[in-house]
Amino acid sequence: MRVVRTTLSKAEARRTALAAQGMGGARPGATTTRSLSAAIARMGVLQIDSVNVFARSHYMPLFSRIGPYDPALLDRLVFRKGRAERPAPYVEYLAHEAAFMPTDDWPLWGFRRADVVARSGRWGAWAADNADVIGRVRAELADRGPLRPADIESVVRTSRGGPWWDWDHAKRALEYLWAGGEVAIAGREGFERVYGLAEHIVPAHLLGVDAPRQDAVRELVRRAAKASGVASLSDLNDYYRLRDQRAVREAVDDLVEAGELSPVRVEGWTDAAGRALPAWIHRDARVPRGIEQTALLTPFDPVVWFRDRAERLFDFHYRIEIYVPQPKRRFGYYSLPVVVDDRVVGRIDLKADRGSSALRVQSAWWEEHASTGHASERIAAELARAAEWQGLDRITVSRWGDATEHLAAVLDAERHDHPNARGM
């Protein structure tokens, strides 16, 4: 008989959330495309980001959950060029931010595509003012099949049949047509998207059968709740960037009535007025007595991608400093949260220096609650696994950050200077 939890301690909430994400379990001895697909299914989507200072973001969540694996296996899944008659298993869309999602989910996102076509949000009046360039881009894809932006750029820059406007407008037209669903991503060459008309890429049985908005939102909230384990309304709203708190609340009420969600009170989860923050636990959620793991997380991992949730769950205040001028960075260019068991204990800025085959720890910092002696050896071992996974032969550690001395000592690593550390 299933026992419904009505209260959770903060530690129980952390463990529930991590378990729902597939963390804390035994790592498989051998990785297959099936095990990668299973991990993606638990997350629901795999967010994409172009920064490649250590490893591109979509590779990281799988490493965090199942350990070292051959990235070529993931490439085979998510970068396979799809055609309508032989579709790829995954397609890119705005299922959080830009993310890989199952191609079969195409009908779920009709409401988002409709919002783009209605020129809501960031597109504003741009599409109406640039109907001609959108038409030209659409015609190029219809005539020539799937194209890289560079393939269209060459036409933009050499066209003699009249002005092609400018390349920025052509790029934006591609993104508009993709967001609105007329265009889909056929694959990537290198890391460059290949755009094609949706009818050439998405199976015909998935086109024109969009789920009604209310049904789609309810299904996405259900998935977000399962992937979260325990969640507030804002957590569920953010997971798929639904941006409609009223619709999310209606979906939650439906799922409670159906017995899939149950209200729960979480220790320390309060609103700005100090009142208990409404939260719900999914019926399939596990509340482990303990979790044993060490993991490096990308900033775009579902565990931490919603910064408010990261603070509530882990007391972890997190901001990416990519766009912060170097002298003003506090923790580093692209610091990765580090999880030991059920706590975020620190953050490490990593760089893969492929020219010298070195994993460079550019900075490393402890959170206030970290047990530094216990965590140092665990993190050092994970860094060694990360270096091996990336095909790097050695690890060097800078002198910037209060965790660098601990890690360098455990690793017996050579040291290097970091620009932010000069004069400190």
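Please read all numbers here as calculations on a predicted model, not as lab measurements. Nothing fancy with the numbering, it's 1 onward along the sequence.
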Whether over 12 other heavy atoms sit under 6.0 Å from Glu257 CD: no

Positive for ring-ring contact (aromatic ring centres under 6.0 Å, His included) with His96, one of Trp305, Phe306, Trp109, Phe300: Trp305

Arg330 to Trp365 six-membered ring, cation-pi geometry met (6.0 Å, 45°): no

Verdict with supporting geometry, Asp341 and Arg15, salt bridge (charged side-chain N to carboxylate O under 4.0 Å, His left out): CA-CA 9 Å; Asp341 298 334; Arg15 296 196 295 268; over 6 Å; no

Stepwise side chain to side chain contact (heavy atoms under 4.5 Å, CB included) check, Val340 with Glu382: CA-CA 10 Å; Val340 173; Glu382 191 67 8; over 6 Å; no

Ring centre gap for Phe100 and Phe79 strictly below 6.0 Å: yes

Phe331 six-ring face occupied by Arg347 cation (under 6.0 Å, within 45°): yes

Verdict with supporting geometry, Ile281 and Leu261, side chain to side chain contact (heavy atoms under 4.5 Å, CB included): CA-CA 6 Å; Ile281 188 169; Leu261 298 184; over 6 Å; no

Greater than 12 external heavy atoms within 6.0 Å of Arg265's CZ: no

Glu367 side chain vs Val345 backbone, donor-acceptor pair below 3.5 Å: no

Residue pair Asp393 / Ser357, side-chain donor-acceptor N/O under 3.5 Å: yes

Carboxylate-amine/guanidinium contact Asp115 Arg213, below 4.0 Å: yes

Aromatic plane relationship, His58 with Phe191 - under 30° parallel, 30 to 60° tilted, over 60° perpendicular: parallel

Salt bridge (Lys or Arg N to Asp or Glu O under 4.0 Å): pairs with one or both residues in residues 61-75, sequence neighbours excluded: Arg65-Asp301

Plane angle bin for Trp389 and Phe63 - parallel if under 30°, tilted between 30 and 60°, otherwise perpendicular: parallel

Pair Glu175, Tyr195: side-chain N/O donor-acceptor within cut-off below 3.5 Å: yes

Salt bridge (charged side-chain N to carboxylate O under 4.0 Å, His left out) assessment of Asp210 paired with Arg113: CA-CA 10 Å; Asp210 294 340; Arg113 296 190 292 268; 2.8 Å; yes

Distance-only donor-acceptor check, side chains Ser232 and Asp235, under 3.5 Å: yes

Atom CD of Glu388 with >12 non-hydrogen neighbours under 6.0 angstrom: no

Atom CD of Gln214 with >12 non-hydrogen neighbours under 6.0 angstrom: no

4.5 Å side-chain heavy-atom contact, Leu392 and Arg354: yes

Electrostatic pair Asp253-Arg249, nearest N-O below 4.0 angstrom: yes

pair Arg319-Val324: side-chain heavy atoms closer than 4.5 Å: no

Side-chain donor-acceptor contact under 3.5 Å, Thr404 with Ser398: no

Between Arg378 and Thr294, a side-chain donor and acceptor under 3.5 Å: yes

Salt bridge (charged side-chain N to carboxylate O under 4.0 Å, His left out) between Arg148 and Glu192, intermediate numbers included: CA-CA 7 Å; Arg148 300 171 304 147; Glu192 188 178 24; 3.5 Å; yes

Heavy-atom closest pair, residues Ala386 and Leu296: CB-CD1, 4.1 Å

From CD1 (Ile152) to CD (Glu140), nearest 0.5 Å: 6.5 Å

Stepwise side-chain hydrogen bond (donor to acceptor under 3.5 Å, both in side chains) check, Arg83 with His200: CA-CA 6 Å; Arg83 302 192 302 274; His200 296 161; over 6 Å; no

Modelled atom types, side-chain donor and acceptor of Arg399 and His418, under 3.5 Å: no

Within 6.0 angstrom of Lys226 NZ, more than 12 heavy atoms from elsewhere: no

Ionic contact status for Arg188 with Glu92, cut-off 4.0 Å: yes

Shortest non-hydrogen separation from Leu336 to Leu350 and the atoms involved: CD1-CD1, 3.9 Å

